[in-house]
Amino acid sequence: VQLQASGGGLVQPGGSLRLSCAASGLTFGTVNMGWFRQAPGKERQFVAGIAWSGGSTYYADSVKGRFTISRDNAKNTVYLQMNSLKPEDTAVYFCAADPSPPQDYAGSYNMEYGYYYWGQGTLVTVSS
């Protein structure tokens with residue numbers, strides 16, 4: 001299984017970026033997908049999650065209303081659209097795959113232990 005995250009970079013406060021995560025080696029349409037981030041000197045934290053069908057999405061309070069997670073099962077890809085970026089959004093962003101049934105994912109979407117597969121991370125820097 002490979003999860004390849006891309007789209008990170010340097011952006012000014014208030015700007016936007018779209019991260020992508022291309023998956024291979026798994027049946028993408030049957031796994032839930034999540035984005036986590038890790039800022040320098042801090043623990044990794046949940047950002048957003050999306051159930052396998054795309055019908056349910058979940059967000060950390062810190063990004064709600066600014067970030068949007070989506071997926072294209074035909075392209076085996078999950079996206080994270082990030083708008084109104086703030087300096088505190090600076091972090092390495094990781095995508096991850098969770099094979100739990102949707103009813104279980106609804107209760108564990110923000111827990112790292114449910115995500116069996118992880119990508120390598122892409123760096124997002126928000127700075128003027």
Side-chain angles (χ1 to χ4, degrees):
V1 175
Q2 282 196 325
L3 300 177
Q4 184 70 41
S6 61
L10 173 64
V11 62
Q12 292 188 341
S16 298
L17 278 177
R18 188 176 82 154
L19 306 184
S20 300
C21 174
S24 60
L26 50 74
T27 306
F28 186 75
T30 64
V31 295
N32 312 297
M33 296 297 296
W35 287 97
F36 288 73
R37 68 185 181 187
Q38 187 167 22
K42 295 188 176 181
E43 293 187 351
R44 191 160 56 187
Q45 61 178 195
F46 169 78
V47 176
I50 185 167
W52 64 267
S53 66
S56 297
T57 57
Y58 309 93
Y59 296 95
D61 288 344
S62 58
V63 307
K64 208 170 288 185
R66 300 189 296 122
F67 290 11
T68 302
I69 188 171
S70 61
R71 65 189 296 158
D72 185 338
N73 287 349
K75 295 183 178 180
N76 287 5
T77 302
V78 62
Y79 304 98
L80 185 68
Q81 178 66 43
M82 306 186 295
N83 299 329
S84 303
L85 283 161
K86 305 175 182 180
E88 51 263 44
D89 294 318
T90 295
V92 176
Y93 284 70
F94 300 88
C95 60
D98 178 330
S100 305
Q103 61 270 27
D104 293 343
Y105 185 64
S108 65
Y109 59 85
N110 59 342
M111 301 297 184
E112 289 192 32
Y113 67 76
Y115 292 85
Y116 284 16
Y117 308 108
W118 291 81
Q120 85 291 355
T122 185
L123 176 63
V124 172
T125 302
V126 185
S127 175
S128 55

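- Residues Tyr93 and Arg37 have side chains that bring a donor and an acceptor to within less than 3.5 angstrom of each other.
- Side-chain contact check for Asn32 versus Pro99: every heavy-atom pair is 4.5 Å or farther apart.
- Met33 and Tyr115 end up in different hydrophobic clusters when Ile, Leu, Val, Met, Phe, Trp and Tyr side chains are linked at under 4.5 Å.
- More than 12 heavy atoms of other residues, nucleotides or ligands lie within 6.0 Å of CD in Gln45, so this atom counts as buried by the packing criterion.
- Phe36 is listed as a side-chain neighbour of Trp118, based on a closest heavy-atom distance under 4.5 Å.
- At least one donor-acceptor pair closer than 3.5 Å links the side chain of Arg66 to the backbone N or O of Ser84.
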What's the verdict on side chain to side chain contact (heavy atoms under 4.5 Å, CB included) for Leu85 and Asn83, showing C-alpha distance, side-chain angles and the deciding distance? CA-CA 5 Å; Leu85 283 161; Asn83 299 329; over 6 Å; no
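- Residues Leu19 and Phe67 are members of one and the same hydrophobic cluster, defined by side-chain heavy-atom contacts under 4.5 angstrom among Ile, Leu, Val, Met, Phe, Trp and Tyr.
- Val92 and Leu3 end up in different hydrophobic clusters when Ile, Leu, Val, Met, Phe, Trp and Tyr side chains are linked at under 4.5 Å.
- Counting heavy-atom neighbours within 6.0 Å of Tyr58 OH, excluding the residue itself, gives a total above 12.
- Arg71 places a side-chain N or O within donor-acceptor distance of the main-chain N or O of Phe28, the cut-off being under 3.5 Å.
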Asp98/Tyr116 under side chain to side chain contact (heavy atoms under 4.5 Å, CB included): CA gap, chis, key distance, verdict: CA-CA 6 Å; Asp98 178 330; Tyr116 284 16; over 6 Å; no
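- A donor-acceptor pair under 3.5 Å is formed between the side chain of Asn73 and the backbone N or O of Trp52.
- Heavy atoms of other residues, nucleotides or ligands lying less than 6.0 angstrom from NZ of Lys64 number more than 12.
- Aromatic ring centres of Phe46 and Tyr59 lie farther apart than the 6.0 Å criterion allows.
- At most 12 non-hydrogen atoms from other residues, nucleotides or ligands lie less than 6.0 angstrom from CD of Glu43.
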